[in-house]
Number of protein chains: 2
Amino acid sequence: MKQITKNIIKNSLKRIFLYRACLVRLKLMGVEKVFSYTLANETGVTSDQVRKDFSEFCIKGNKRGGYNINDLLEKMEKLFHRNKDNNIVLIGMGNMGLALSKYSKFVQRHMNIVATFDIDPFKQKMRSGIPVYSMSRLKEIIDRFSVKVAIVAVPEISAQEVTDELIRHGISGIVNFAPVLLKVSPDVIINNVNLCDELESVIYYVHKQIKVNGLKNLELLYRDMKY
Amino acid sequence: MKQITKNIIKNSLKRIFLYRACLVRLKLMGVEKVFSYTLANETGVTSDQVRKDFSEFCIKGNKRGGYNINDLLEKMEKLFHRNKDNNIVLIGMGNMGLALSKYSKFVQRHMNIVATFDIDPFKQKMRSGIPVYSMSRLKEIIDRFSVKVAIVAVPEISAQEVTDELIRHGISGIVNFAPVLLKVSPDVIINNVNLCDELESVIYYVHKQIKVNGLKNLELLYRDMKY
DNA sequence: GAATTGATGTGAAACAAATCACAAAAAACA
DNA sequence: TGTTTTTTGTGATTTGTTTCACATCAATTC
């Protein structure tokens, strides 16, 4: 049964990513152990929250001894399946698709875009070291590389159709850059990234702040914020 | 006082954007009025939530009569300051910056990237109809176009420096694509978009689901989701 | 024009997330 | 070895968000 499926990414998971980025930095600096308040300071949360988040993801430290950075990173790698490579396909080689296909951070994090697809034959040539195929070869590639996750960067008009095809061929998670709510069965993981909304949100809060600052009352602004 | 400033975008605001997108679609189809449950169905939430969200943003309908789409859209335009154009600057014309500078949806929503900036002289030519300047002209452009909001798409190594400069020149809201937590004073609005994290989140949930499905117990998965 | 119907709007209730507070454990030191 | 110190881990509490339930209003019907 197809239905609108909401983003399900929890804030606690996003914070775990922050902690990890911080740990990687600290490790590069030669640091070997951290305390919850170290991570808290670096990421702008409280030490309580760091520990609660760790607890949620079953990450344990040492009483009084804090956390060993290597242990912590290893635990997280396992948690995020970074010990094995994750093969991704990318659909739509327009401006955004092209940029994403060239984004080097994915590879650094063991997320490999193994192939990209576009209906436009003129785009079906390599422009970023990754082959661009026609949609007819989608199933073949998904099967060959055991792909489970896809990035959708097609125009909104074709996003649903492309999504249906992806799911039919075994994809079960999608990062969707098209500004539409995809209708899928509830067992498919969808994460929508809407660039306009992200920008417009900032504009909204900036205008609000200007208005509130005019009233010399920052409390009012903060009251209406999330954190 | 500089500090790590968290994303403050509320879920209720994001839902308002969903409702609006839906309203625009319905209007194009010639529909003139909607009920809370219409919007709810289209966006995958409950009608209660639609009404509560409207209430939060002081949007009123007509008892029994539902909502007039034109009124609703007009109210939202005002709420989001779309009656006047919003001028944006974009810093960093790498792959992502270039893609963003070509993203036509921004203009459709009255968000105009009036200029882009890059330190690399080779990138300082027009590649997308928008001029690419050197950073030395930042203040001049910000002042001339009364820019309040910027997009940061520079490498993470220079993101903080660029941010400091932007704020010094009067920017008070930033959409940040660099995978670093920017340190700014609390009156600056920051919205981080971390592409790796977005993708990795999906991978995490997909793997989790596979594990849970193996146990033939979807409940476990849903319990851990945000909704 | 009274009764009925169907939608909004909003307090109250239920649920979820973040913060607080402190017991428990381990290291340091006397 | 016993005491103190420091930090984790987690129940208890608070705060925030979503859902529920229903009073309220306006259109429609009789």
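Small disclaimer: the values here were computed from a predicted structure and weren't measured. In what follows, chains carry the letters A, B, and so on, assigned in the order in which the sequence lines appear, proteins first and then strands, with residues in each chain numbered from 1.
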>> Working note: A/Gln160 + A/Asp164, criterion side-chain hydrogen bond (donor to acceptor under 3.5 Å, both in side chains); need CA distance, chi angles, decisive distance, verdict.
In response: CA-CA 6 Å; A/Gln160 183 64 55; A/Asp164 293 344; 2.9 Å; yes
> Whole-Å distance between C/dA26 C1' and A/Lys63 NZ?
Replying inline: 9 Å
>> Between P on C/dT19 and CZ on A/Arg15, what's the gap in Å once rounded to a whole number?
In response: 8 Å
>> Does B/Glu32 have more than 12 heavy atoms from other residues, nucleotides or ligands lying within 6.0 Å of its CD?
In response: no
> How would you label the contact of A/Gly61 with the nucleic acid (heavy atoms, under 4.0 Å): base, sugar-phosphate, or nothing?
Replying inline: sugar-phosphate
> B/Thr46 side chain N/O closer than 4.0 Å to the phosphate oxygens (OP1, OP2) of D/dT19?
Replying inline: yes
> Taking CZ from B/Phe35 and P from D/dA26, how many angstroms apart are they, rounded to a whole number?
Replying inline: 15 Å
>> Does A/Tyr67 reach a base, just sugar-phosphate, or nothing at all? Heavy atoms under 4.0 Å.
In response: sugar-phosphate
>> Side chain of A/Arg51, heavy atoms from C-beta onward: which of D/dT6, D/dG9, C/dG6 has the nearest atom to it?
In response: D/dG9
> Side chain of B/Lys60: nearest nucleotide among C/dT10, D/dC25, D/dG9?
Replying inline: C/dT10
>> Counting neighbours of CD on B/Glu74 that are heavy atoms of other residues, nucleotides or ligands and sit closer than 6.0 Å, is the number greater than 12?
In response: no
>> Just the rounded figure in Å: distance from C1' of D/dG16 to CG of B/Asp53.
In response: 14 Å
>> Rounded to whole Å, how long is the line connecting atom NZ of A/Lys33 with atom P of C/dA27?
In response: 9 Å
> B/Lys52 NZ to C/dC15 P: how many Å, rounded?
Replying inline: 16 Å
> Between C/dG9 atom P and B/Asn62 atom CG, what is the distance in whole Å?
Replying inline: 8 Å
> NA contact type, A/Gly66, heavy-atom cut-off 4.0 Å: base, sugar-phosphate, or nothing?
Replying inline: sugar-phosphate
> Between A/Asp48 and A/Ser12, who's closer to the 5' end of DNA chain C by nearest nucleotide?
Replying inline: A/Ser12
>> It should be established whether A/Ser36 places a side-chain nitrogen or oxygen under 4.0 Å from OP1 or OP2 of nucleotide D/dT8.
In response: yes
>> Is it the case that the base of C/dA27 and the side chain of A/Arg64 share a donor-acceptor contact (distance under 3.5 Å, atom types as modelled)?
In response: yes
>> On the nucleotide D/dT19, are OP1 or OP2 found under 4.0 Å from the side-chain N or O atoms that B/Gln49 carries?
In response: yes
> Going by distance alone, is a donor N or O of one side chain under 3.5 Å from an acceptor N or O of the other, for B/Asp53 and B/Gln49?
Replying inline: no
>> Rounded to whole Å, how long is the line connecting atom CD of B/Glu56 with atom P of D/dT17?
In response: 8 Å
>> Quick check on side chain to side chain donor-acceptor pair (under 3.5 Å): which of B/Asn191, B/Asn7, B/Asn192 does A/Glu198 satisfy it with?
In response: B/Asn191
